[in-house]
Colleague: 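My structure is below; once you've seen it, I'll send some questions.
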Amino acid sequence: MKSKKSVCSNRPLNVLFIAAEADPFIKVGGLGDVAGSLPIALKKFVPSLDIRLAIPFYEVIHRSNVQADLVTSFSIPSTIGDVQADIFETRLGDLPVYLIDGKPIAANKEVYGTDFEMDAEKFVFFSLACLYLPMHLHWQIDILHANDWHTAISIYELVARKKEIPELSYVRSLLTIHNLPFMGAGSQNALKKFLITPAKNPRMPPWSRTLPLPMGMNAADKIVAVSPTYANEILTSDFGCDLQSFLQTKKKKITGVINGIDFNVWNPIKDQFIQSNFSTGQLSARAENKLALQKEFSLSIDPNKPLLTFIGRLDKQKGIDLVIEALQDLQNKNWQLIFLGKGLSELEAQIQALQCQFPDQIRAALRFDLALSHRLYAGADMLLMPSRYEPCGLAQMIAMHYGCVPLARATGGLVDTIVDYSSEPKLATGFLFQNTSGLQFSQTIESAIKIFQQTEIWQKIQQNGMSQDFSWQNSAAKYYSLYNSIL
Ligand code: GLC
């Protein structure tokens, strides 16, 4: 019998990377950044690697007039008969990209809709199409790399069907967890429809045996959380979402790899969106970006007043309520703050109310605005990021790279990427606080404002942050060695 090793040692590794979103085709959140960058970084890291990406062919991608050719069609069996999957191919630089189309994908205009059942049908169909795609292309894959609940069922079915489908028998799987609480609630009917039986592992809580994410985690050869700290946190009752006891049984398969940032997009030296480019050696040029923001937002023009910012989804995960609480507690009134983001309407309303409470200090841009996010990273002094949980987090890495000092809660990827001033003053890149408490956060803001007045120390913190290596290269090297470790 051929061993798996001998199959792979003779030719480069073949990897199918699948996700619900990938920048620049479609991006809703951090997953889109990762899926649009990591496969490319892996290809750069090992040019012989044959890695290809697959995402759903959403209506918005159709509307963007992407150039894509139909390469194959096949059908997925279901209780209501065969459902056709049409596979189109396009490219992202050197990377082949498959856009998967079919009725369940076209039926729902949103990327993530509000109808859980429709979403489940779309993503279960997409996952199955991805699983069978390589066979229809006559492309023997070695690794199926899925991301989050949307694609986790492909791994579950891979293992379930291995015995009957020889092409699947050698395939190994890796599941990256970007956000554990989203497990695919409401998928029961979709699973039944596509003839997928519940998981049988008695160590899984019964309610989780029909949820795509735990089903995929149960089957995967490797589970990768997007930071080492989050990989440990999901084993605890605070972050494990009631899966912690089950996940403890998978402990040996779980690891953490920090995401990177794309230096072609995020680079203060050549960023086209900002007024004044700068580097670690010329931080003084950065000041112009702050003045430009103060002008743009009609805030008082004052280089000595710390300018704070919050950039991101307005979601409970991100701890907006802690920002609101902390600001009420602040003794120091000498600061300005610009919010950028959209999300839950109740949080948007609270931010608007805050703006009325602090009319001279707070501005709110309640929208998605990429160009403004660049200007904020480049001009604000501090980034507020009091997340309740943060599997990896992107904003803090971009902020540090732009000399905007993060003030964050010590959780998940924030712990792994920020060096806290109070524990390592010389190496510090930011400020961390422990508890989800508005009071603790306000104390952290007060201490940061004090340090901000001591220009030399502050600049050292900025420079430390700017010289961290958050490149995708590091993550790609780790994923590549994980691929090899499961073969
Ligand atoms: C999710 C997580 C975030 C992470 C991103 C990409 O959005 O909430 O922490 O950075 O996925 O992995």
Side-chain angles (χ1 to χ4, degrees), residues 17-23 26-42 53 55 111-112 145-152 174-184 213 217 222-234 238-241 254-262 265-266 310-320 341-344 347 368 373 377 383-401 406 408-418 430 432 436 468 470-472 474-476 478-479 482:
F17 188 101
I18 61 180
E21 48 175 299
D23 196 36
I26 174 74
K27 184 178 116 169
V28 180
L31 173 60
D33 290 300
V34 175
S37 300
L38 177 57
I40 294 176
L42 275 156
L53 168 69
I55 57 171
V111 174
Y112 308 115
H145 185 162
N147 292 272
D148 275 352
W149 79 265
H150 326 101
T151 48
L174 187 147
L175 177 58
T176 298
I177 309 294
H178 301 261
N179 211 331
L180 184 69
F182 296 87
M183 299 185 196
L213 188 68
M217 290 173 106
K222 204 80 192 170
I223 299 167
V224 184
V226 285
S227 68
T229 297
Y230 194 57
N232 288 326
E233 285 175 342
I234 59 174
D238 282 349
F239 299 91
C241 306
I254 301 179
T255 185
V257 177
I258 278 281
N259 297 328
I261 55 174
D262 186 342
V265 178
W266 300 107
F310 173 96
I311 304 170
R313 257 183 305 130
L314 303 180
D315 185 302
K316 297 231 165 83
Q317 176 195 342
K318 301 291 175 186
I320 296 282
K342 65 195 242 121
L344 290 184
L347 292 176
F368 179 78
S373 74
Y377 288 120
L383 174 84
L384 305 183
M385 202 164 172
S387 306
R388 292 179 177 275
Y389 71 94
E390 196 61 77
C392 177
L394 189 62
Q396 85 279 13
M397 291 193 271
I398 301 172
M400 283 184 268
H401 197 56
R409 197 170 94 74
T411 183
L414 299 171
V415 176
D416 297 330
T417 52
I418 300 171
L432 291 173
T436 44
Q468 300 294 306
F470 296 123
S471 66
W472 271 111
N474 287 338
S475 325
K478 294 200 174 103
Y479 273 103
L482 287 174

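The chain is numbered in sequence order, starting from 1. All ligand and atom numbering here is 1-based and tracks the order in the structure.
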Colleague: Per the salt bridge (charged side-chain N to carboxylate O under 4.0 Å, His left out) rule, which among Arg409, Arg313, Lys318 passes with Glu390?
Modeller: Lys318
Colleague: Among all protein heavy atoms, pick the one closest to atom 9 (O) of ligand 1 and tell me residue, atom and distance.
Modeller: Glu390 OE2, 2.5 Å
Colleague: Name the closest protein heavy atom to atom 8 (O) of ligand 1, giving the residue it belongs to and the distance to 0.1 Å.
Modeller: Gln317 NE2, 3.1 Å
Colleague: Would you say Leu31 and ligand 1 have an N/O pair spaced under 3.5 Å apart?
Modeller: no
Colleague: Show the atoms of ligand 1 that are less than 4.0 angstrom away from any heavy atom in Pro391.
Modeller: 2 (C), 8 (O), 9 (O)
Colleague: I need the nearest protein heavy-atom contact for atom 7 (O) of ligand 1: residue, atom name and distance, please.
Modeller: Arg313 NH2, 3.9 Å
Colleague: So, regarding Lys318 and ligand 1 (criterion: nitrogen or oxygen to nitrogen or oxygen, under 3.5 Å), is there a contact or not?
Modeller: no
Colleague: Do Arg388 and Gln317 come within less than 4.5 Å of each other through their side chains, counting heavy atoms only?
Modeller: no
Colleague: Please determine whether side chain to side chain contact (heavy atoms under 4.5 Å, CB included) holds for the pair Asn232 and Phe239, giving the CA-CA distance in whole Å, both sets of side-chain angles, and the decisive distance to 0.1 Å.
Modeller: CA-CA 9 Å; Asn232 288 326; Phe239 299 91; over 6 Å; no
Colleague: If you measure from each heavy atom of Gly393 to ligand 1, is any distance below 4.0 Å?
Modeller: yes
Colleague: Considering all heavy atoms of both residues, which atom of Thr411 and which atom of Ser387 are nearest to each other, and what is their separation?
Modeller: CG2-O, 3.6 Å
Colleague: Below 4.0 Å, non-hydrogen atoms only: which portion of Asp33 touches ligand 1? Side chain, backbone, both or neither.
Modeller: neither
Colleague: What atoms of ligand 1 come closer than 4.0 angstrom to any heavy atom of Asn179?
Modeller: 8 (O)
Colleague: Considering heavy atoms of the protein only, find what lies nearest to atom 5 (C) of ligand 1 and give residue, atom and distance to 0.1 Å.
Modeller: Gly30 CA, 3.9 Å
Colleague: Check whether more than 12 heavy atoms from other residues, nucleotides or ligands sit under 6.0 Å from atom NZ of Lys342, and answer yes or no.
Modeller: no
Colleague: Any side-chain to backbone donor/acceptor pair from Ser227 onto Gly413? Under 3.5 Å, distance only.
Modeller: yes
Colleague: Please confirm whether the ring centroid of Tyr112 lies under 6.0 Å from the ring centroid of His150.
Modeller: yes
Colleague: Ignoring hydrogens and geometry, is there a side-chain-to-backbone donor-acceptor pair from Glu21 to Leu31 under 3.5 Å?
Modeller: no
Colleague: Using a 4.0 Å cutoff against the non-hydrogen atoms of Val34, which atoms of ligand 1 qualify?
Modeller: 6 (C), 12 (O)
Colleague: Checking Asp262 against Asp33 for the side chain to side chain contact (heavy atoms under 4.5 Å, CB included) test, could you report, in this order, the C-alpha distance in whole Å, the side-chain angles of both residues, the deciding distance, and whether it holds?
Modeller: CA-CA 9 Å; Asp262 186 342; Asp33 290 300; over 6 Å; no
Colleague: Mark up the atoms of ligand 1 that fall under 4.0 Å of a heavy atom belonging to Val226, in ascending order.
Modeller: 12 (O)
Colleague: How far is atom 11 (O) of ligand 1 from the closest protein heavy atom, and which atom is that?
Modeller: His178 CB, 3.4 Å
